[in-house]
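What follows is a short report on a single structure.
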Amino acid sequence: MAEIQLKSLAHCYDKQVEQPQYAIREMNHVWQKGGAYALLGPSGCGKSTLLNIISGLLEPSDGEVLFDGVRVNDIPPQERNIAQVFQFPVVYDTMTVFDNLAFPLRNMGASKAKVQSKVGEIAEILDLTAVLNKKAANLSADEKQKVSMGRGLVRDDVSAILFDEPLTVIDPHLKWKLRRKLKQIHEQFNITMVYVTHDQLEASTFADKIAVMYNGQVVQFGTPRELFEQPNHTFVGYFIGSPGMNLMEVERCEQGVCFGEQSIALNEHELNAVNASQSTNLKVGIRPEFVHVWDKPNGDAYQAEVLFVEDLGTYKILSLKLGEQVIKARLQEDQKVPHQTAYISFPEQWLMLYIDEYLIAKEAHHD
Ligand code: ADP
Ligand code: MG
């Protein structure tokens with residue numbers, strides 16, 4: 001296994017045009033040795049491009065890729081010792097399942113005994129034992145993708161395994177099972193794994209740490225809890241959670257920031273940041289889970305109009321109009337649902353300030 005470092009990395013597919021579009025905008029990032037990571041982001045944000053750069057299928061237009069501190073830009077994919085599993089199955093149709101799984105091992109010159117035991121082990125984990133002698137051509141789409149994953153997993157000497165949305169073609173029921181298996185394999189062999197997905201649930205069940213990618217950049221790298229509690233970028237707030245974070249455009253005012261008639265108090269550090277910035281792109285964000293809701297006036301809670309309630313079984317989502325903004329609040333099953341008028345407040349601890357889409361920390365960092 002290896003540590004994978006991306007140093008001032010950027011990629012543009014076509015630099016010849018007048019206004020080159022960067023699929024990867026300059027980034028510095030480290031995937032530590034042995035970690036289980038997810039790379040999460042919407043379609044088109046650059047996830048596959050980044051994986052292909054790490055595996056060597058694609059040469060980056062700028063910057064460096066380092067494995068354990070050694071530059072690998074000029075090393076071809078087959079010498080990088082990386083396994084990659086793609087969205088759609090890559091199998092040899094005319095070969096048996098056994099031979100497909102054995103292929104990467106035989107390529108490495110593994111002994112017959114090693115091939116037997118390793119193929120047997122991986123087939124067992126992926127429930128492929130019964131079809132080992134079948135020709136791959138005769139498999140279902142699910143089975144083919146499992147073989148494809150198995151080919152990525154048979155070698156335990158690889159530096160890393162990269163998965164590019166590997167469960168897309170898999171039946172939902174099986175998805176859950178396979179994800180657990182991947183996690184088990186990670187725990188057993190401790191291989192660095194990077195798992196690409198656009199599904200937050202998939203990301204948080206597989207990974208210890210998630211890199212959220214947006215528009216060619218990693219906008220936050222953190223645990224699922226950090227992404228939830230302290231979204232570093234408005235995109236993370238919006239993308240993580242269901243529904244995502246409430247984000248309100250605000251303006252500078254005496255007490256801090258205001259929207260319409262309402263003012264929102266900021267702490268001293270946030271106030272300083274607002275005053276030090278020239279930007280007019282100011283937002284505050286609060287997750288629906290953290291909005292406090294009452295059916296009667298309460299202290300300096302804001303008065304809001306109830307628009308509608310969605311009952312989602314174990315909880316309800318209340319949509320409220322506050323000034324010109326629509327705010328969503330999550331109510332527990334047993335919580336009283338206000339009619340027409342609600343009173344809401346935003347606990348200071350959970351109210352986040354964003355300048356130019358990036359979070360302003362609640363206090364100055366001393367590190
Ligand atoms: P993701 O995997 O997150 O969906 P991709 O890495 O496939 O995103 O794509 C990132 C951006 O690069 C997109 O705008 C896409 O259109 C562009 N892109 C991807 N592959 C190519 C290519 N071979 N040539 C030109 N542009 C590409
Ligand atoms: Mg992709």
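Only this structure's heavy atoms are used, side chains among them; waters, hydrogens and symmetry mates stay out. Whatever order the structure lists ligands and atoms in, that order sets their numbers, starting from 1.
Looking at residues two or more places apart in sequence or on another chain, you find a side chain to side chain donor-acceptor pair (under 3.5 Å) between Asp62 and Lys15. In this structure His29 satisfies the ring pair (Phe, Tyr, Trp, His ring centres under 6.0 Å) test together with Trp31, Phe221, sequence neighbours excluded.
Aromatic rings of Tyr13 and Tyr22 (six-membered ring for Trp) have centroids beyond the 6.0 Å cut-off, not under it.
Scanning all protein heavy atoms for the shortest distance to atom 13 (C) of ligand 1 gives Gly44 O, 3.7 Å. When hydrogens are left out, the protein atom nearest atom 8 (O) of ligand 1 is Gly46 N, 3.2 Å; that is the closest non-hydrogen contact. In this structure, atom 17 (C) of ligand 1 lies nearest to the protein heavy atom Tyr13 CE1, 4.0 Å.
Taking every non-hydrogen atom of Pro42 and a distance limit under 4.0 Å, the qualifying atoms of ligand 1 come out as 3 (O). For ligand 1, the atoms sitting less than 4.0 Å from at least one non-hydrogen atom of Thr49 are 5 (P), 6 (O), 9 (O), 10 (C), numbered in the order shown with element in parentheses.
Summarising the contacts of atom 12 (O) of ligand 1 with Ser48, Ser43, Ala23, Gly41, the nearest heavy atom is found in Ala23.
No continuous path of ILVMFWY side-chain contacts below 4.5 Å connects Leu182 to Ile54, so the two sit in separate hydrophobic clusters.
Residue Glu64 qualifies as enclosed at atom CD: its count of foreign heavy atoms under 6.0 Å is above 12.
Less than 4.0 angstrom separates atom 26 (N) of ligand 1 from at least one non-hydrogen atom of the protein.
For Gln87, every N, O or S atom stays at 2.8 Å or more from the Mg ion (ligand 2).
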Residues Phe290, Trp350; criterion ring-ring contact (aromatic ring centres under 6.0 Å, His included); working and verdict | CA-CA 7 Å; Phe290 300 140; Trp350 300 116; 4.0 Å; yes

